[in-house]
Each structure stands twice: as structure tokens, then as C-alpha cells.
Amino acid sequence: MPRFTAMPDHSDPRLAGLTAAAHAVQPRTVALRRRLHRNPELGLELPMTRTAVLDELADLPLKVHTGRSCSSVTAVLEGDKPGPTVLLRADMDALPLTERTGLAFTSEIDGVMHACGHDTHVAMLASAARLLADRRELLAGRVLLMFQPGEEGDHGARHMIEEGLLEPSGPAGTPDSAYALHISATMPTGTVQTRPGPIMASADVLRVTVRGRGGHASAPHDALDPVPSAAAMVGALQTMLTRRVTALEPAVLTVAQIRAGTTSNVIPDTAYLEATLRTLTEPTRTFLHEQVRQVCQHTAAAYGCTASVFLEPGYPITVNDAAASARVDELAATVLGPNRVSPMTSPILGSEDFSYVLNRVPGALAFLGGCPPHLDPDHAAPNHSNRVQFDEAAMVDGVAMYAALALDALR
Ligand SMILES: [Zn+2]
């Protein structure tokens with residue numbers, strides 16, 4: 001990979017020893033991660049999680065603020081010299097699942113689990129703050145640590161931005177760059193992947209109510225059955241996607257919920273569909289919103305029914321700055337080793353609310369491999385599974401990477 005060999009930073013003395021330092025704080029990193037893992041919380045209000053973060057940061061020279069509209073925490077580390085601001089993000093929320101990993105530190109809260117590894121993100125960022133606090137003389141500028149709730153669908157990052165996170169009057173002024181790491185249970189442990197441009201999709205929710213007229217199931221001609229209309233809509237939406245969007249442009253529409261009726265001999269008044277719509281460019285997203293409306297309304301009309309179509313905008317497309325994603329690759333090669341970095345050939349169609357930050361600040365989201373070494377990454381339970389496991393050793397790499405990203409941005 002020649003693009004890594006010509007970089008001037010390979011011998012950057014400021015990056016030397018980061019991995020060793022991350023190893024030295026690993027007992028703290030693991031302890032915090034397990035504390036969070038035992039006590040997972042959902043959504044925007046994470047009181048126990050916030051307390052754990054505040055406890056862990058308490059002895060560091062940081063300016064700490066807590067959110068008003070949600071359980072967010074921001075902490076600012078001032079370098080010894082003036083300079084730009086770099087934002088580092090960790091999301092903090094869990095998922096509504098009952099854990100089935102059998103781990104010794106398994107979730108103690110029934111029906112809630114850190115199944116996306118956000119507990120590891122918090123622990124890694126807190127330990128990176130510790131490493132950076134020990135290296136303030138090397139920092140020209142300030143580090144803004146963003147601990148956000150509500151990543152799993154609750155727009156936590158947007159809440160923080162609405163509270164002024166990125167404003168000149170915000171906790172650290174408007175950041176000049178922004179980075180986030182996300183652990184993945186299906187990538188080899190300690191590896192890093194990112195890409196320039198779109199890396200994750202927009203995720204909008206489509207809700208359609210088809211209205212007909214109920215009646216006796218033996219006399220459909222006397223009623224107006226919404227069920228065939230809804231069924232036709234499922235097919236028509238898929239056909240529209242392949243006929244109206246170029247095959248070179250990724251887009252997914254999955255009707256994941258369909259509901260109608262109560263029993264076999266009654267035609268219901270209404271049928272209901274719910275779908276997720278994923279795209280990687282804004283023009284395609286806008287175009288598909290129009291098309292989806294038309295297809296649903298006209299398909300309903302073809303059956304004598306009507307359709308109310310509601311599109312709820314979800315997270316924006318996550319777009320990495322090309323230079324920032326290249327820096328992630330270069331730093332990972334330097335700090336972890338060139339064999340730990342591989343190009344991410346295509347985006348994934350999951351979504352991320354770090355997109356709200358990257359819409360305003362150039363930066364990058366990167367994935368950190370966390371598949372335990374005794375498991376095969378191709379067959380391991382993925383993120384969001386109630387059996388997912390993450391290799392805690394990968395947190396050493398994540399701590400070193402977060403610290404390296406800040407040291408590099410504040411050179
Ligand atoms: Zn996640």
C-alpha cells in the first residue's frame with residue numbers, strides 16, 4: 001500500500017508510545033466498560049451511564065458540561081498551545097434486547113443490552129482523554145469530547161447540536177474536525193476500516209395506511225378490500241426502485257411490517273404498511289420520497305382505495321471528508337501497523353447519527369474490528385444480536401486511535 005509509505009508522520013515522535021500507554025490504562029478501560037455493560041440504558045435519558053462517565057473523568061483537567069435536554073456529557077481538554085478544535089465522539093446508549101452471551105458481566109437489566117458496543121466506545125474515549133491529558137504539552141488547540149445518548153434512533157447528536165455543541169459559543173467553539181470510531185463484531189479484532197465520501201445511508205421510515213371499506217369476507221364486491229391494494233403496493237414499490245433508479249445507485253426499500261384485519265371472515269377497513277428507505281445521496285433520497293408517494297397513492301387508486309403516505313425523515317447520509325478518512329488510514333497504519341488497515345470498498349446501508357456532526361464539520365467515522373479471536377468474523381454474532389461479543393483487547397487499539405487522531409489534528 002504505497003499511500004502509507006510516503007507519509008511524513010511515520011516517525012512522528014508524538015505518536016510513539018500511544019499503544020503502550022493505552023495498554024497501561026486498559027484495566028480502567030475494561031472496568032468502565034463492564035460497569036456500563038452491566039447497567040445498560042436506552043434512549044436519551046441515561047442517568048447511570050452519565051454518572052459513570054462523570055466519575056471516570058472526575059480527576060482529569062477537563063471542563064465538563066452536562067446536557068439539558070438529554071443525558072449528554074461534553075468535556076473540553078485545553079492543550080498548552082492555542083490552535084484548532086477536534087471533536088471526538090462516543091455514543092452511550094444500549095438496545096432493547098435480553099442478553100444471551102453468558103458473559104460474567106452480563107446485563108443486569110432485563111430487556112436491555114449493550115449489543116452495539118457503545119459501552120466500549122465510552123470506555124475508549126474516556127481512556128483516550130486520560131492519555132491526552134498526560135500529553136497536553138503536545139496539543140496545540142483543544143479536544144472536545146462528545147458523549148452522546150440516543151444514537152439508536154433518538155437523534156441524540158441532533159439534540160446536542162441544538163443545544164449549541166458546534167456553535168462558536170459552544171463548549172469548545174466550532175470544531176475544525178470530528179472523528180468517531182464504531183466497534184464491529186464481524187471485523188477481525190484491532191483492524192480499522194473507513195472510506196472517503198458516503199459511508200452509511202440515510203434511513204427514513206415510510207408509513208402507509210390504505211383505506212377501503214370493510215364488509216363480509218364472502219362478498220368482497222360489496223366492500224372495498226384494502227388488503228390486495230396493500231399487497232400490490234409491496235410489489236409496486238420494489239418494481240419502482242429497479243425501474244426508476246439507476247442500477248449503479250444503491251437504494252433499499254424494505255417493507256418490514258404489514259398489518260390488516262382481525263379474522264378470516266371480515267374484510268377490514270384499512271391495511272397498514274411500514275418500510276425503511278435507505279439511500280446514499282440526497283438527490284436519490286428526495287427523488288424516492290416523491291416516487292414512493294406516487295406509487296402508493298396511485299396503486300391504492302387502482303384498487304378503488306385511498307392511501308395516506310407519511311415519510312418520517314431519519315438520520316442523514318453519513319459522509320466522510322476525503323482528507324479526514326485518509327488521515328484515519330494513515331494514523332492506523334502508523335499507530336497499529338499497516339496490516340491492520342484495509343480499504344472499505346463499499347458503504348454500508350446502516351445509519352448513524354454522527355451524520356449530523358459530519359454534515360457540519362469535516363471529519364470521519366471509522367470502524368474498529370472487535371471480533372473475539374476465538375470466533376470467526378464471518379460467522380460471529382453481529383452487532384445488535386443478543387449473543388454479540390466484543391474483544392476487549394480491541395479497546396487498546398481504539399484508545400490509541402482516538403488519542404492519535406487528536407494529537408494529529410492538534411499538531
Ligand atoms: Zn452502534
Side-chain angles (χ1 to χ4, degrees), residues 7 9-33 53 56-57 59-64 73-81 83-91 120-147 172 175-183 189-192 194 324-337 340-341 363-370 392-411:
M7 295 312 298
D9 298 316
H10 274 205
S11 57
D12 187 339
R14 299 172 320 141
L15 302 179
L18 278 185
T19 305
H23 265 295
V25 296
Q26 175 73 347
R28 288 194 82 110
T29 316
V30 168
L32 176 58
R33 187 265 164 146
V53 171
E56 184 63 18
L57 301 181
D59 64 326
L60 298 179
L62 303 168
K63 219 165 54 186
V64 177
V73 178
T74 59
V76 181
L77 177 70
E78 290 284 348
D80 278 358
K81 281 160 259 157
T85 297
V86 60
L87 179 154
L88 303 176
R89 194 281 310 249
D91 42 7
T120 69
H121 303 168
V122 174
M124 290 190 288
L125 189 57
S127 286
R130 193 164 293 279
L131 262 58
L132 291 166
D134 282 344
R135 289 164 177 73
R136 290 169 86 184
E137 76 283 359
L138 301 175
L139 297 175
R142 63 196 72 74
V143 186
L144 170 58
L145 307 166
M146 172 187 180
F147 293 93
D176 300 278
S177 57
Y179 294 95
L181 295 177
H182 201 302
I183 199 161
T189 190
T191 58
V192 171
T194 189
S325 75
R327 289 311 291 154
V328 173
D329 283 345
E330 288 149 11
L331 288 167
T334 304
V335 174
L336 309 179
R340 300 280 202 93
V341 193
L365 169 80
F367 292 98
L368 171 69
E392 289 181 331
M395 295 196 293
V396 171
D397 303 310
V399 169
M401 275 303 295
Y402 271 127
L405 286 163
L407 284 161
D408 181 67
L410 310 182
R411 55 181 60 250

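The shortest heavy-atom contact between Tyr402 and Ala128 is CB-CB, 3.5 Å. Of all non-hydrogen atoms in Ala126 and Leu32, the two that sit nearest each other are CB-CD2, 3.8 Å. Heavy atoms only, all atoms of each residue included: Leu57 and Ala129 are closest at CD2-CB, 4.4 Å. For the pair Gly190 and Ala394, the tightest heavy-atom approach, listed with the atom from each and the gap, is N-CB, 4.1 Å. Nearest heavy-atom pair, Ala75 versus Val64, reported as atom, atom and distance to 0.1 Å: CB-CG2, 4.0 Å. What you find for Ser177 and Ala409 is that their closest heavy atoms are OG-CB, 3.9 Å.
Note that the CE atom of Met401 and the CG atom of Leu368 stand 8.5 Å from one another [nearest 0.5 Å]. Atom-to-atom distance recorded for Leu132:CG and Leu138:CG is 9.5 Å, nearest 0.5 angstrom. Here the CG-CG distance, from Leu144 to Leu77, works out to 10.5 Å after rounding to the nearest 0.5 Å. Going from atom CG of Leu125 over to atom OG1 of Thr120 covers 11.0 Å, rounded to the nearest 0.5 Å. Put simply, CZ on Arg340 and OG1 on Thr189 are 7.5 Å apart, with the number rounded to the nearest 0.5 Å. Here the CG-CG distance, from Leu336 to Asp397, works out to 5.0 Å after rounding to the nearest 0.5 Å.
Partners of Asp134 by side chain to side chain contact (heavy atoms under 4.5 Å, CB included), not counting sequence neighbours: none found. By the side chain to side chain contact (heavy atoms under 4.5 Å, CB included) test, Asp91 is found to be paired with Arg89, Asp93, His118, His121, Gln148, Glu151, His182, Glu352, residues two or more places apart in sequence or in another chain being considered. Partners of Thr19 by side chain to side chain contact (heavy atoms under 4.5 Å, CB included), not counting sequence neighbours, listed by chain and number: His23, Val335, Val396, Ala400. Contacts of Leu131 classified as side chain to side chain contact (heavy atoms under 4.5 Å, CB included), with partners at least two apart in sequence or in another chain: Leu18, Ala21, Ala22, Val25, Arg135, Val399, Ala403. Every residue meeting the side chain to side chain donor-acceptor pair (under 3.5 Å) condition with Thr29, not counting sequence neighbours, appears here in chain and number order: Ser127. The side chain to side chain donor-acceptor pair (under 3.5 Å) check on Thr191 picks up nothing, with sequence neighbours excluded. Among residues two or more places apart in sequence or in another chain, the side chain to side chain donor-acceptor pair (under 3.5 Å) test is passed with Thr74 by none.
Within the structure, every pair that satisfies the salt bridge (Lys or Arg N to Asp or Glu O under 4.0 Å) test and touches residues 120-133, not counting sequence neighbours, is listed here: Glu56-Arg130, Asp59-Arg130. Residue pairs meeting the salt bridge (Lys or Arg N to Asp or Glu O under 4.0 Å) criterion with at least one partner in residues 136-146, sequence neighbours excluded, are Glu78-Arg142.
When atom types are taken as modelled, the side chain of Asp176 and the backbone of Pro84 share no donor-acceptor pair closer than 3.5 angstrom.
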Determine, step by step, whether Val76 and Leu145 satisfy the side chain to side chain contact (heavy atoms under 4.5 Å, CB included) criterion, reporting the C-alpha distance in whole Å, the side-chain angles of both residues, the deciding distance to 0.1 Å, and the verdict.
CA-CA 6 Å; Val76 181; Leu145 307 166; over 6 Å; no

Hey, mind stepping through Val86 and Leu405 against side chain to side chain contact (heavy atoms under 4.5 Å, CB included) and telling me if it holds?
CA-CA 9 Å; Val86 60; Leu405 286 163; 5.8 Å; no

Steps toward side chain to side chain contact (heavy atoms under 4.5 Å, CB included) verdict (Phe147, Val122)
CA-CA 7 Å; Phe147 293 93; Val122 174; 4.1 Å; yes

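The shortest side-chain heavy-atom distance between Met395 and Val30 falls under the 4.5 Å cut-off. Using a 4.5 Å heavy-atom cutoff, the side chains of Thr194 and Phe367 are not in contact.
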